Amino acid sequence: ASSMALLPRELGGGGGLAPSLLLILFLLSASSSLVDEGARGAAGSGAFDDNGSDCSSSDAKLRQRQSVICGSLVQSPTAWCGELYRNATTAERDWPNQAVYMHQLMVDLEAAEEPCLRTEVAKDVVEWLNTSQADPTLAPAFMQTWTVFQVQYYDMPRKPHVRIESPDTLGRKCWAFAYLAQMFDSAQFSTTLQSKGVNLNAFIDAYDAAVELTMPLCERVMDNCFVNATYDPSRKGTCPVKIQEFHVLGFERENLKRGFVVKYPFQH
């Protein structure tokens, strides 16, 4: 069977997407794989909760997830990551991977047994999320990366000295925005953690505000046809090739790497 059959139907002929773009997308992504950095270095440390339960495996996983996020955000010591980045030297530093790394930590926190959320490591990770990683003014912590650093590429026009990104690169960034929006149910997450005695409200509130801020940017940049000029919705529909580059070579390229876990949410 043709390798193109591996692509989902919505990327096929009925969607009006150029076959050449589909082929390029497939070839670019066929050899890509997502490395789960958090699975590395998860040896037990002999940690116990207040009641003596062995939580070494949980602690090691949470600390490694934290280290990977640090390694993706910084490459030198900081007040909020210390030298944890040294434990994740192969962490990818692009925005889509940073989004995935944070989600992996959220999944592990939600899945952790209640006793293992009372260890010093778990408490430290929760405090880290509620403070530095929820602060949109602290560069380059996660929330600042999301709501300031990434957002600058959607300014119309871009501020002086800010790099002008191509449509496909903006599509990759918008994949990360959509991934964070679709893969996380903040209400359920909050309820689950509170039932285990954990309050992560500061981070959750910042997370929800970031989703509300960033998802509309993707529609607006397409409406403006990626022009580095003041937003003008009358440009909408005048750049179909660039829209395909955004969608196929950008958004769906990231989606293909991860099994098409994100639904394309935009109207273009």
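Since we're looking at a predicted model, the values are computed, not measured.
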Evaluate side chain to side chain contact (heavy atoms under 4.5 Å, CB included) for C81 paired with T78, printing each intermediate quantity in order. CA-CA 5 Å; C81 266; T78 60; 3.2 Å; yes

Starting from V162, can I reach L217 by hopping between I/L/V/M/F/W/Y residues whose side chains sit under 4.5 Å apart? yes

Whether E245 and K242 form a salt bridge (side-chain N of Lys/Arg under 4.0 Å from carboxylate O of Asp/Glu) is what I want to check. no

Are V107 and V100 connected in a single hydrophobic cluster, I mean Ile/Leu/Val/Met/Phe/Trp/Tyr linked by side-chain heavy atoms less than 4.5 Å apart? no

Under 3.5 Å, side chain of E165 to main-chain N/O of K173, donor-acceptor pair present? no

Euclidean distance, Q244 CD relative to H268 NE2, rounded to 0.5 Å: 13.0 Å

For the residue pair F246 and F266, categorise the inter-ring angle as parallel (less than 30°), tilted (30 to 60°) or perpendicular (more than 60°). perpendicular

Using modelled atom types only, decide if a donor and an acceptor are shared between the side chain of R158 and the backbone of D155 within a distance under 3.5 Å. yes

Any donor-acceptor N/O pair, N224 side chain to A229 backbone, under 3.5 Å: yes

Ring centres under 6.0 Å, that's the criterion: do H103 and F184 meet it? no

Work out which heavy atom in C174 is nearest to a heavy atom in F251; give both atom names and the distance. O-CE1, 4.0 Å

A side-chain contact here means heavy atoms from C-beta on lying under 4.5 Å apart; do W128 and C70 qualify? yes

Which atom pairs, one a donor and one an acceptor, fall under 3.5 Å between side chains of residues 135-143 and the rest of the protein, sequence neighbours left out?
unit_1	atom_1	unit_2	atom_2	d
D135	OD1	T137	N	2.8
D135	OD1	T137	OG1	2.7
D135	OD2	T137	OG1	3.4

Atom NZ in K263, atom CG in N255: separation rounded to 0.5 Å? 12.5 Å

Verify same cluster id: F189, L105 (apolar side-chain graph, 4.5 Å): yes

Spacing of OG belonging to S186 relative to CG belonging to D205, to within rounding of 0.5 Å: 8.5 Å

Side-chain heavy atoms nearer than 4.5 Å, only ILVMFWY residues, links allowed to pass through others: does that put L213 and F203 together? yes

Which one of D124, N130, L129 satisfies the side-chain contact (heavy atoms from CB on, under 4.5 Å) criterion with V126? N130

With distance as the sole criterion, is a donor-acceptor pair present between the side chains of Y154 and R220 under 3.5 Å? no

Does Q75 CD have over 12 foreign heavy atoms under 6.0 Å away? yes

Could you go step by step and tell me if L180 and Y207 meet the side chain to side chain contact (heavy atoms under 4.5 Å, CB included) rule? CA-CA 9 Å; L180 289 166; Y207 191 111; 3.5 Å; yes

Going through the distances and angles, do L193 and L117 end up as a side chain to side chain contact (heavy atoms under 4.5 Å, CB included)? CA-CA 9 Å; L193 287 187; L117 290 172; 4.3 Å; yes

Would you confirm whether S72, through its side chain, and I69, through its main-chain N or O, come within 3.5 Å as a donor-acceptor pair? yes

Any side-chain donor near an acceptor of the partner, T214 and W146, under 3.5 Å: yes

To check you understand the geometry: which heavy-atom pair defines the closest contact between A99 and A176, and what is its length? CB-CB, 4.0 Å

So which heavy atom on C218 is nearest to which on V221, and how close? O-CG1, 3.3 Å

Indicate whether any N or O donor in one side chain lies under 3.5 Å from an N or O acceptor in the other, for T192 and S195. no

Would you say the rings of F177 and Y179 are close, in the sense that their centroids are separated by under 6.0 Å? no

With hydrophobic residues grouped by side-chain heavy-atom distances under 4.5 Å, do F149 and V211 end up in a single group? yes

Is it true that a side-chain atom of K196 and a backbone atom of R118 form a donor plus acceptor pair closer than 3.5 Å? no

Pairing residues for Q194 by the side-chain contact (heavy atoms from CB on, under 4.5 Å) criterion, not counting sequence neighbours: S190, N201

Return the minimal non-hydrogen interatomic distance between A206 and A134, and the atom names on each side. CB-O, 3.6 Å

Ignoring hydrogens, what is the shortest heavy-atom contact between D108 and R65? Give both atom names and the distance. OD2-NE, 2.6 Å

Given 3.5 Å as the limit, does a donor-acceptor pair link the side chain of Y231 with the main chain of D223, or not? no

Side chain to side chain contact (heavy atoms under 4.5 Å, CB included) between V68 and L84, worked out: CA-CA 8 Å; V68 169; L84 285 175; over 6 Å; no

Take E127 and K123 through the test salt bridge (charged side-chain N to carboxylate O under 4.0 Å, His left out) and record every step on the way to the result. CA-CA 6 Å; E127 182 181 7; K123 291 176 182 177; over 6 Å; no

dist Q150:CD -> W95:CH2 (nearest 0.5 Å) comes out at 6.0 Å

Find out whether S58 and E113 are in side-chain contact, i.e. whether some heavy atom of one side chain is under 4.5 Å from a heavy atom of the other. no

Separation of T169 OG1 from I164 CD1 (nearest 0.5 Å): 12.5 Å

Please check this pair: side chain of R172 against backbone of D168, looking for a donor-acceptor N/O pair closer than 3.5 Å. no

Could you tell me if R253 sits above the aromatic ring of W175, with its cationic atom closer than 6.0 Å to the ring centre and no more than 45 degrees from the axis? no

Measure from the side-chain N and O atoms of E219 to the backbone N and O of M215, and report whether any donor-acceptor pair falls under 3.5 Å. no

Any idea which heavy atoms bring M183 and V261 closest together, and the distance? SD-O, 4.1 Å

Could you measure the distance from the CG atom of L73 to the CD atom of Q144? Nearest 0.5 Å is fine. 9.5 Å

